[in-house]
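Working notes, beginning with the structure itself.
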Number of protein chains: 2
Amino acid sequence: MDAKMKDIAREAGVSTATVGRVLHKRGYVSPDAKKRVEAAVQKLGYVPNTLARALITNRSGIIGCLVVEHAGNLHQEISRVVLAAAEARGYRLFTMQTRLNVRDEDELIRQFIGLRVDGLVVISNIYLTREQLSLLRTRQVPVVAIERAYFSPGVDNVCFRDVEGAEEAVRHFLERGHRRVAFIGPKPFAQTEEDRLEGFRRAMAAAGIPEYGQTVALTQAYGIDEGRAAAQRLLALPEPPTGLFCTADSLAAGAMQALYARGVRVPQDISISGYDNRIARELAPPIDSVEPDLDNLGGVTMDLLSARMERFDDAGRTEWLRMRYVDRGTVTAL
Amino acid sequence: MDAKMKDIAREAGVSTATVGRVLHKRGYVSPDAKKRVEAAVQKLGYVPNTLARALITNRSGIIGCLVVEHAGNLHQEISRVVLAAAEARGYRLFTMQTRLNVRDEDELIRQFIGLRVDGLVVISNIYLTREQLSLLRTRQVPVVAIERAYFSPGVDNVCFRDVEGAEEAVRHFLERGHRRVAFIGPKPFAQTEEDRLEGFRRAMAAAGIPEYGQTVALTQAYGIDEGRAAAQRLLALPEPPTGLFCTADSLAAGAMQALYARGVRVPQDISISGYDNRIARELAPPIDSVEPDLDNLGGVTMDLLSARMERFDDAGRTEWLRMRYVDRGTVTAL
DNA sequence: TGATAATATGTCAACGATGACACATCCGGA
DNA sequence: TCCGGATGTGTCATCGTTGACATATTATCA
């Protein structure tokens, strides 16, 4: 059905080798033959079979992207910028998603290996297992992990400076005279969550506020409902906080609902900031948030990956992406 | 490097044919040979080469997904549910994205054809060109288009009942005594936008409100800023509307900011509803919205596609997905 | 006892593109 | 005139897997 090289060759009256030379613009081809081949390609609507090419060259031109989904994180946005960067560099990005589930991940990794991907991008806040890593390593598949640092041979990392990001956000409150700043964030279940809590603690400690004086509202997960409930609890305290530091915009959005319902105005009556800057700008009013450097993320990731695809070695490089505080004026002086 | 069937065969002391029989659980294999093959597969960490298999079977097991991105639409969410449905059915979904750009689309479609995808899902609110369609058609690639109906041979469609969705939302205002209901939505540039505007007009006309009495605020695009500006304009009218029907949650979110800034309370002072139900629940307060039946979308899409993959024909089937009005109480009686 | 079916395994030509290699021809310079 | 390089083209084994076909052995029944 589909035209193949042989068909082009016959149509143009040359051999498949010459067709190949025209297609790859490599080697000597007479202008005449070239013209005839191009005409035949056009006429028969020839599109080279990537699969056959990959089989013999042993390079698929495909990069796998494993996204471990998880309500309330940035993984969708991250995969989008990585996709854009990959396409810009001429790679095809093959995305597969899963929710936290080792069995699924095993299956997806086998699928990627079956496709003989040239590289793999893992976007996850949990770790791959040792077995999964070794499966990839014996096949010399370059891996770049976003969000989780592996420090493992053959794996490069792109990480967010979450401790510093959270620290800066909390300092924002403290510098404006706030003392009772509450932390709203999930009970740490991965590095990211620990880092943000750690950043909060560091900033508070640096301001001389002792551990037991800190108001920490841990939620079971990310989400609107969790944020709303946490804010309700905090507002009911005898001495409610004057500032709410939320470690996700979704939590902040929920908190805003609680505030709105109680008639507490932002920023006149209370200060608030979010994290991730995903929906912060969509709220009324738009609130402060902490933004990862997504503009660079795609490029950094693909640079690491292509360096490793050219020469596979055992070093494990790590790139740290800094966070940026986006000031929209919802943290005000007391 | 990678183990191949031949290696397994040697290790197990059988031929590749027997290895194949074990792998595909087909044909006769002695329990003993089976055991040895399985052990060899385990030992050598064999993963079949999907590319080679695809080459000879002429089925890649890959479904292409072309997402034409566009700020403010649901395409990310849609691609996610389609991905889930595809994975559940054992297909690999290969997603590529582009922004409105025919040249890019041509390139991506060629990439898909090069990969010999078994089917293609197009998520776009603009049409593929005639050339693109015929390229796919000569190769008998089943195509399912989401959002845009093609009524073109070889293309199945999954469409949203946007006229009815908008109509129902506007009726919600009218039934509660509103007369001055404003429409906030982009100047129609594709069917979706026209449909939502049409729905608004129908509902208003049915309530006896003449065309010239209708308040229509057309924006240049979807987005927070556009929604905010439109709401500001409307609030400045001598007789401001009592209800705002926004054809996207992002527009509604912007409108909410304008309301908040002016101290107009929702829903006490004004009624409002959004569309798409993407961020409506994250706002303070959460607002009414119109929700496409995303739960069914993935399944419906994949059903159409797999039916067509089994038997390619020229019929163009169309599935209409109904919209659901989500009532959160932000449209109240006057 | 021989015919037949069921069981078990191996051989080999595809799939479509690649690229090493061989073979031609032509030109310029020694 | 002969040689070497540039130019132009074709042949064929190969990539890893599949599946049609051939072959061999054992069990079953008339």
Side-chain angles (χ1 to χ4, degrees), chain A residues 1-38 40-41 44-62 110-118 139-140, chain B residues 1-38 40-41 44-62 110-118 139-140:
Chain A
M1 193 67 40
D2 297 7
K4 45 189 154 186
M5 276 183 75
K6 220 193 252 180
D7 300 325
I8 305 298
R10 188 173 343 102
E11 177 81 19
V14 295
S15 70
T16 60
T18 297
V19 175
R21 278 184 279 259
V22 173
L23 258 36
H24 303 307
K25 304 186 202 303
R26 146 169 17 129
Y28 299 109
V29 186
S30 67
D32 181 56
K34 184 170 176 227
K35 195 161 295 173
R36 285 193 335 263
V37 168
E38 281 167 349
V41 166
L44 302 185
Y46 171 72
V47 178
N49 187 323
T50 311
L51 271 37
R53 188 211 302 272
L55 182 59
I56 197 157
T57 59
N58 205 25
R59 313 200 106 236
S60 62
I62 297 175
R110 306 195 132 252
Q111 297 248 8
F112 283 131
I113 291 177
L115 281 168
R116 299 301 186 265
V117 293
D118 294 339
R139 290 194 169 60
Q140 310 259 80
Chain B
M1 192 66 41
D2 297 5
K4 46 190 156 186
M5 276 181 74
K6 221 194 252 178
D7 300 325
I8 305 300
R10 188 171 345 100
E11 177 80 21
V14 296
S15 70
T16 59
T18 298
V19 175
R21 279 184 278 260
V22 173
L23 259 34
H24 304 307
K25 307 185 198 306
R26 152 179 1 139
Y28 298 108
V29 186
S30 66
D32 181 55
K34 182 168 177 229
K35 196 161 294 176
R36 288 198 327 269
V37 168
E38 281 166 349
V41 166
L44 302 184
Y46 171 73
V47 178
N49 187 323
T50 311
L51 271 35
R53 187 211 302 268
L55 182 58
I56 197 156
T57 58
N58 204 26
R59 313 200 105 237
S60 62
I62 297 175
R110 306 196 132 252
Q111 297 247 8
F112 283 131
I113 291 177
L115 281 168
R116 299 299 187 267
V117 292
D118 294 340
R139 290 196 169 57
Q140 310 259 80

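Below, read A as the first sequence line, B as the second, and so on, with proteins coming before strands; counting in each chain starts at 1.
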Worksheet entry | End axis versus end axis in the helix from C/dT1-D/dA30 to C/dA30-D/dT1, the angle rounded to 10°, five pairs used at each terminus | 60°
Discussion item. Do B/Leu23 and B/Tyr46 have side chains that approach each other closer than 4.5 Å (heavy atoms only, starting at C-beta)?
Written reply: yes
Discussion item. Counting C-beta onward and ignoring hydrogens, is there a side-chain heavy-atom pair between A/Val47 and A/Asp2 closer than 4.5 Å?
Written reply: no
Practice prompt. Among the candidates C/dT9, C/dT18, D/dG16, find the nucleotide nearest to the side-chain atoms of B/Arg21.
Written response: C/dT9
Fill in: Minimum-distance pair of heavy atoms, taken over all atoms of A/Gly20 and A/Met5
N-CE, 3.5 Å
Item to complete: Ignoring the backbone of A/Ala52, work out which of C/dG16, D/dG16, D/dT9 is nearest its side chain.
Response: C/dG16
Practice prompt. Respond yes when some side-chain nitrogen or oxygen of A/Ser30 is under 4.0 Å from OP1 or OP2 of D/dT7, and no when none is.
Written response: no
Discussion item. Using whole Å, what does the distance between atom C1' of nucleotide C/dT18 and atom CG of A/Leu51 come to?
Written reply: 15 Å
Practice prompt. Compare all side-chain heavy atoms of A/Val41 with those of A/Val37 and state whether any distance is below 4.5 angstrom.
Written response: yes
Fill in: Length of the CG-P vector between B/Asp32 and C/dT9, whole Å
8 Å
Worksheet item: Which one, C/dT9, D/dG10, C/dA8, comes nearest to the side chain of B/Pro31?
Response: C/dA8
Discussion item. Taking only side-chain N and O atoms of B/Arg26, does any of them lie within less than 4.0 angstrom of OP1 or OP2 on D/dG19?
Written reply: yes
Worksheet item: Please give, in whole Å, the distance from D/dA20 C1' to B/Ile56 CD1?
Response: 11 Å
Fill in: Closest non-hydrogen atom pair between A/Arg59 and A/Asp118, with its separation
CA-OD1, 3.6 Å
Worksheet item: Got A/Asp7 and A/Lys4 here, is their nearest side-chain heavy-atom distance under 4.5 Å?
Response: yes
Item to complete: Among the candidates C/dG10, D/dG10, D/dT17, find the nucleotide nearest to the side-chain atoms of B/Val14.
Response: C/dG10
Discussion item. On DNA chain C, compare the nucleotides closest to A/Tyr46 and B/Val29; which residue's is nearer the 5' end?
Written reply: B/Val29
Worksheet item: D/dG16, D/dT9, C/dT18: which one has an atom nearest the side-chain heavy atoms of A/His24?
Response: C/dT18
Discussion item. Measuring to OP1 and OP2 of C/dT11, would you say a side-chain N or O of B/Thr16 lies under 4.0 angstrom away?
Written reply: no
Item to complete: Taking only the side-chain nitrogens and oxygens of A/Thr57, find out if one of them lies under 4.0 Å from OP1 or OP2 of C/dA17.
Response: no
Discussion item. Would you say that A/Ile62 contacts B/Leu115 through its side chain, given a criterion of any heavy-atom pair below 4.5 Å between the two side chains?
Written reply: yes
Item to complete: Identify, between B/Tyr28 and B/Leu55, the residue whose nearest nucleotide on DNA chain C lies closer to the 5' end.
Response: B/Tyr28
Discussion item. Taking any heavy-atom pair under 4.0 Å as a contact, classify B/Ala54: base, sugar-phosphate, or nothing.
Written reply: nothing
Item to complete: Calculate the interatomic distance between B/Asn58 atom CG and C/dA14 atom P; express it in whole Å.
Response: 16 Å
Practice prompt. Quick one: closest heavy-atom pair of B/Glu11 and B/Ala40, and the distance?
Written response: CG-CB, 3.5 Å
Practice prompt. May I have the distance from B/Arg59 (atom CZ) to C/dC15 (atom C1'), rounded to whole angstrom?
Written response: 15 Å
Item to complete: Check the distance between C/dG16's P and A/Asp2's CG and give it to me in whole angstrom.
Response: 8 Å
Worksheet entry | Between P of D/dT7 and NZ of A/Lys34, the distance in whole Å | 15 Å
Practice prompt. In whole angstrom, give the distance that lies between atom CD1 of A/Ile8 and atom C1' of C/dT18.
Written response: 16 Å
